[in-house]
Amino acid sequence: MVANDNVSLCVQTGEVLAILGENGAGKSTLMKIVGGLTAADVGEIFVWGKPARIRRPKDARELGIGMVHQHFMLVPDMTVAENLALGQPGALTAPSAVGAARRRVNELADRYEFGISPNTLIEDLSVGERQRVEILKLLDADARILIFDEPTAVLAQREWEHLAGVLSSLAQAGRTIILITHKLHEVFEASTRCVVLRSGRLVGSVNTADTTPDAVVEMMIGRSVDLHREATHDQIGDVALELAHVWLRDDDGRQRLVDVSLKVHDGEILGIAGIEGNGQSQLIDVACGFRNPDEGTVTLAGRNITNLGPAKQVDPDLAVIPEDRHRDGVALPMSVSDNMLIKELHNPRLFRRGWRQAARIRERDNQLIEQFDIRIPHADVYMRQLSGGNQQKVVLARELSRQPRVVIAAQPTRGLDVGAMEFVYNALRTHRNRGGATLLVSSELDELILLADRIAVMVDGRIVGTFDANDASVEKIGRLMISGVGSDG
Amino acid sequence: MAAVRAMFSASFGGVSQIGGMLRKLVPLTLVSLGWVVAFSVRRINVGLEGQILAGGTLATLVGLHVAGMPAVIQIAAVSFVGAIGGLAWAGVAAWLWARRNVNEIISTLLLNFVMIQIVSWLVNGPLEEPTHTLGQTGPISPSARWPMIEALRTRWDIVLVPIGVAVIYVLLTRTRLGFRMRATGSNNRFAAYSGLRTVRVSVLAMIISGGLAGLAGASLISSNPAGNMGENFSANFGFEGIAVALLARNHPIGCLPAAVLFAVLRQGGSLMEAQAGISSGLVLVTQGLVIGIVAASNFYVSRYRRRRIDATGQATRRTAAVPAREAIES
């Protein structure tokens, strides 16, 4: 298989080029070739008009190509200046290296308004600030071409706005920026030109000013996507999941849930909005039975399930799409087949007297792969080989194929590209339309407004308001989300 | 060359040499399987040596007192209590881990020393053979020992090798318990989130692990030419078995060839010294090199396995060394 198929790309000095594509479209591979982490089978690279041989990261560095990775390469218990000095040859022998680095940090941070002091320890910096230190490192090594690999995967909105400003001032100063992303709004907020990759091929290159988001999405996935609100389903049924007066305090003494009461009805999607860290994760843990609340009850389909312990995870009425997929949702070293099987251990069709029924399991695998459009050659591939979108589809297949009455979905589209996102939305809508209840927690307000029938806003562990999604607006909910935050910092 | 020739003739040169090699194969295979089972739930059982001793001790105790019963029952009883002994000794560490949160690496390692002292006391005290001169027990009932295969100069307990490998392979890949063990070992939190009682599964894996070592202990008593228990009869098999499992990359089927290699190295070491004038320490060096090479090759194997599946459902081209965490990015 070919990750990059005959891609030709030309980047001008001083532009911010966005490379856009779905997960697995070949964006990262292309940039790894440029950065010297991977060698191309065929093809040439020209830097400043001259043919270049980039065989290892060092070659790229010498040509002035620098990369900011998703995972930062910084020593946490050293200062900013020390981290910069480490990147210089002979840093460990020259006592003045740190002092010199300190001066350079001051100078660069001033010029680009980074607001970073050279004597701060890395571990005391926020994620956004650490990213700025990574940029400082590249500038310090005089990189002329800066590649950012999905830089916003870890950033809050405000930090992204700052980064976008930095990118444009770097470009104006004559440096070249390449931004790898799959988020549309970033393309339109920061780039001057955008190229789209699909299945390893370059499918389009446009000036950002001359195009629209819809046109770019169509290029990205080869068809237009319908990410629009559906009319609210009006067949609201009985209460399927109810939390009544739930309180929870963390081990560190912080009160996480304060008298939370909510009801999710059959045929309804109840959205939970809120800035992250306001108790949503704890709410999920309590609602799906992973943690016992200090006070209050959880009722599922008329049964009190408050203190049943983790074994109720395989409750036939309940499906959970966990917030942290890699930690709670899948086992990366196991096969796709095993990952889809873990909740079926007591299914007499698939396990008879403790023995796997291989043929039936295989049949079920193939059925689910087709039904949930999981793009893999067969079910024995390891979970870690899959892209994020495919992994999430495996989770959906496992959870939704059991036809549960209640689905608890936490950040179900985190890290997914547009195509996979649409798939998740449709799966949740299908569940609702056949009369299922859904509790949807998301930090993306747009997503909630798109999907939910009602939206409850959480601030500091409290439900501070509930809206009918039909007359909710981003502004109204957003204001409420922020209004209670001040007390918590 | 002379050294290599000596090593091979020591293991394959004649019937009695083959027999000696096969006798070492039994404990090496069973112990390595024990490690594999515990490691399937990511528990580190370094107490296999002590579990061999515990199993062998119980087997001896029973073997000394079963004379007169049918041979089949005697053999079955000795093997069974051997497994129980190892299982119980591992159970101590498993209990400490599950209920008192004691790290199992430390507890299993230290329990080895306890068991060494217990065996030493038994063979020099209560169980010492009648003449009280040799620091070993009297022989167990002859019909409690596995019968000889005369053609191979070894005993029938050699059948435990293919049976053990097959049973553990089937357990891990074809059964519900095996699935639970692999899921627990792959991602404990995920397994718990999916309704598995991971602590219970882990304890089960740890005591099965000890049971295999205990069975190896019973087999060591049985295959000992004198048919008795002496001090240190575990002879470091409990640690070499770990190396075998590492060489097999924790795959039960791989344990078989890996155990053969280590049995040859062990059998050949002594003869190499005598015939070629080479220190048997060289065998240890060879073992170390083999393990080192296998560990290094993990890097290439995992690189191959980390190939991504792209949007079209095909495996992407293998890429050059990329830090592991990048391959897992979403």
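Residue numbering restarts at 1 for every chain, and letters A, B, ... go by the order of the sequence lines. Just so it is clear, the values below take in all heavy atoms, side chains as well, and ignore hydrogens, waters and symmetry mates.
Listed for the B:Asn187 side chain is a donor-acceptor partner under 3.5 Å among the backbone atoms of A:His326. A donor-acceptor contact shorter than 3.5 Å links the side chain of B:Arg176 to the backbone of A:Leu345.
Heavy-atom neighbours of A:Arg352 CZ from other residues, nucleotides or ligands within 6.0 Å: at or below the threshold of 12. Remark: B:Arg174 CZ is loosely packed, at most 12 non-hydrogen atoms of other residues, nucleotides or ligands lying under 6.0 Å away. No more than 12 heavy atoms of other residues, nucleotides or ligands sit less than 6.0 Å from atom CZ of B:Arg200.
Taken from CZ in A:Arg327 to CG in B:Asn188, the straight-line distance is 12.5 Å, to the nearest 0.5 Å. To the nearest 0.5 angstrom, B:Phe190 atom CZ is 12.5 Å from A:Arg325 atom CZ. Here OG of B:Ser194 is found 5.0 Å from CZ of A:Arg398. Values are rounded to the nearest 0.5 Å.
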**Message:** Could you walk me through whether A:Arg356 and B:Thr175 satisfy the side chain to side chain contact (heavy atoms under 4.5 Å, CB included) test, starting with their C-alpha distance in whole Å, then the side-chain angles of each, then the deciding distance to 0.1 Å, before giving a yes or no?
**Reply:** CA-CA 5 Å; A:Arg356 281 173 84 116; B:Thr175 68; over 6 Å; no
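The contact between A:Leu341 and chain B is made by backbone and side chain atoms together, counting heavy-atom distances below 4.5 Å.
Between chain B and the residues A:Asp324, A:Leu350, A:Ile342, the largest count of heavy-atom pairs under 4.5 Å involves A:Ile342.
Within the 4.5 Å cutoff, no side-chain heavy atoms of B:Phe179 are placed close to those of A:Glu344. The shortest distance between side-chain heavy atoms of A:Asp328 and B:Tyr193 falls below 4.5 Å.
Counting all heavy atoms, side chain and backbone alike, A:Ala331 lies closest to B:Ser186 at CB-CB, 3.8 Å.
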